[in-house]
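Input: a single structure, listed below in structure tokens.
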Amino acid sequence: MFDYLLNEEQKKLRDETRDFVKSIPRKMILDMDADIIQFPKEFLQEAGKRNLMGCRYPKKWGGRGMDWVSTCMVMEEVGTLGYIFACTFGVGAELVCDAIILHGNDAQKEKYVKPLLAGEIFAAECLTEPRGGSDFFGTTTTAVDRGDHFVLNGQKRFIVGGEGADYFLVYARTDPDAKPHEGISCFIVDKTQGVKSEYLYGLMGCRGGGAARMVFEDVRVPKENLLGELNQGVKIFKTMMIPERLGTAAMTIGAAAPAIDVATGYTSKRKAFGQPVAQFQGVSFQVAEAVTLLDASRAMIYTTARAVDEQINDKQIRRLVSQSKKFVTESCQKAANNAMQVMGGIGYTNIYPVERIVRDLRLASIWTGTNEVMSVIIANEWYKQYWQDKSQGKIRDMEADAAEAEAIDEKIFE
């Protein structure tokens with residue numbers, strides 16, 4: 001985040017986050033990429049000790065009582081360690097906790113939020129199923145009411161933190177006869193009998209985050225672990241799309257930035273034809289494009305974060321968040337690819353971290369809702385807003401500002 005957009009409290013938090021980032025040993029980064037570390041518990045424990053997780057939540061539950069602008073700044077800074085560090089940091093502190101803070105009761109917050117933000121326990125969110133990802137409301141995981149508890153059965157996959165979490169946020173169908181979006185509930189599920197991480201995925205990038213297939217077999221879930229209202233999981237899901245997608249966008253900036261830094265240093269020192277390659281426009285223009293894309297991404301993130309903090313129109317927030325997720329992730333992928341390109345063959349090796357950054361960032365436009373889904377949302381919300389503004393006379397009739405605007409016979413629509 002740009003310094004001039006931060007107040008003194010936010011700058012202090014930024015500096016604390018940077019100190020934390022500097023404290024992470026190089027070996028942890030390498031061991032995670034090599035899958036030697038399957039889940040970075042020590043990383044999350046240290047973040048908790050420093051009170052860096054969940055900064056926008058009330059102090060009563062372990063947060064700092066700050067805002068979304070602060071959260072995006074922290075996510076960007078943490079992302080500089082590597083995309084997977086920000087993923088594991090955000091899943092528990094910004095996704096699971098967000099759901100419990102917004103929809104849970106005090107007992108649930110005391111039991112599950114406070115210790116997680118302190119780095120004492122870990123959590124994962126369970127959305128995607130083997131039969132589909134974007135079709136969330138087609139979930140086949142079930143939770144059957146047995147009086148004082150529910151019995152949970154089903155599978156979830158690609159669950160970041162599945163290997164390592166102490167509890168899970170799980171969506172399951174509780175009314176098989178209801179419409180798809182009306183019969184789903186959300187549960188806090190402890191890692192207990194019947195909860196298994198049966199498979200760890202071999203990922204192209206973002207390794208070391210414990211991405212697993214979770215299997216739930218006759219899991220007994222106490223009634224007090226129902227989050228929100230029965231059959232109203234859609235309400236939780238909709239609010240979760242803000243931290244899911246805005247957080248993803250913010251941390252992508254941080255993950256891409258080191259690639260530009262490395263490429264800038266390399267092209268300043270590397271010589272060809274008797275001069276540093278940075279002096280050739282074919283190189284410097286690609287770096288310029290990358291820097292511009294990152295700064296544009298920061299501007300979009302700040303604008304969207306402010307919109308969420310100001311609680312503007314829900315539909316406009318939905319569009320802004322979707323635009324941010326799509327534009328920022330694609331821009332950061334482009335920026336990282338530019339960095340690799342200007343470094344030439346050496347950028348494609350593990351002599352420099354750029355190849356790992358490129359691999360990691362490929363996930364950004366896929367998870368938390370593919371960018372194609374983001375385009376659907378953006379188009380849908382934009383068209384609705386246009387016609388609403390048009391019908392209410394909020395915008396000038398620009399169509400009339402043409403020399404032959406009155407040639408009605410030429411305006412044929414069918």
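Just so it is clear, the model here is predicted, and its values are computed rather than measured. The basis for the numbers below is simple: all heavy atoms, side chains too, and nothing from hydrogens, waters or symmetry mates.
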| request: Taking all non-hydrogen atoms of both residues into account, name the closest pair between His149 and Pro222 and its distance. | output: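 That closest heavy-atom pairing would be CB-CA, 4.2 Å.
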| field | Exercise: identify the closest heavy-atom pair between Val21 and Glu77 | value |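 For Val21 versus Glu77, the nearest heavy atoms are CG2-O, 3.5 Å.
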| task | Can you sort out the partners of Tyr171 under ring pair (Phe, Tyr, Trp, His ring centres under 6.0 Å), two or more places apart, ordered by chain and number? | result |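 Only Phe136 meet the ring pair (Phe, Tyr, Trp, His ring centres under 6.0 Å) criterion with Tyr171.
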Do [X] and [Y] come within less than 4.5 Å of each other through their side chains, counting heavy atoms only?
X: Phe168; Y: Phe187; result: no
X: Val354; Y: Tyr348; result: no
X: Lys390; Y: Asp397; result: yes

Pairing donors with acceptors under 3.5 angstrom, does anything connect the side chains of [X] and [Y]?
X: Asn225; Y: Tyr112; result: yes
X: Thr252; Y: Thr329; result: no
X: Gln10; Y: Ser70; result: yes

| said: Name the residue from Asp145, Asn231, Thr142 that meets the side chain to side chain donor-acceptor pair (under 3.5 Å) definition with Thr174. | reply: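 The residue from Asp145, Asn231, Thr142 that satisfies side chain to side chain donor-acceptor pair (under 3.5 Å) with Thr174 turns out to be Asn231.
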| query | So which pairs with a foot in residues 282-292 pass side chain to side chain donor-acceptor pair (under 3.5 Å), sequence neighbours left out? | reply |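 Side chain to side chain donor-acceptor pair (under 3.5 Å) check on residues 282-292 returns Glu289-Asn338.
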| task | Describe, in one word, how the ring planes of Tyr386 and Trp382 are oriented to each other, choosing from parallel (under 30°), tilted (30 to 60°) and perpendicular (over 60°). | result |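 Ring orientation of Tyr386 relative to Trp382: tilted.
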| Asp98: which of Ile101, Leu102, Leu95 passes side chain to side chain contact (heavy atoms under 4.5 Å, CB included) |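 The side chain to side chain contact (heavy atoms under 4.5 Å, CB included) with Asp98 is passed solely by Leu102 among Ile101, Leu102, Leu95.
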| query | Between atom CZ of Arg318 and atom CD of Glu381, what is the distance when rounded to the nearest 0.5 Å? | reply |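 Nearest 0.5 Å value for the CZ-CD distance: 5.0 Å.
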| field | salt bridge (charged side-chain N to carboxylate O under 4.0 Å, His left out) partners for Asp401, two or more places apart | value |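 Asp401 satisfies salt bridge (charged side-chain N to carboxylate O under 4.0 Å, His left out) with Arg396 only.
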| message | Can you confirm whether Lys223 is buried at NZ, in the sense that more than 12 heavy atoms of other residues, nucleotides or ligands lie under 6.0 Å from that atom? | response |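 Check passes, neighbour count above 12.
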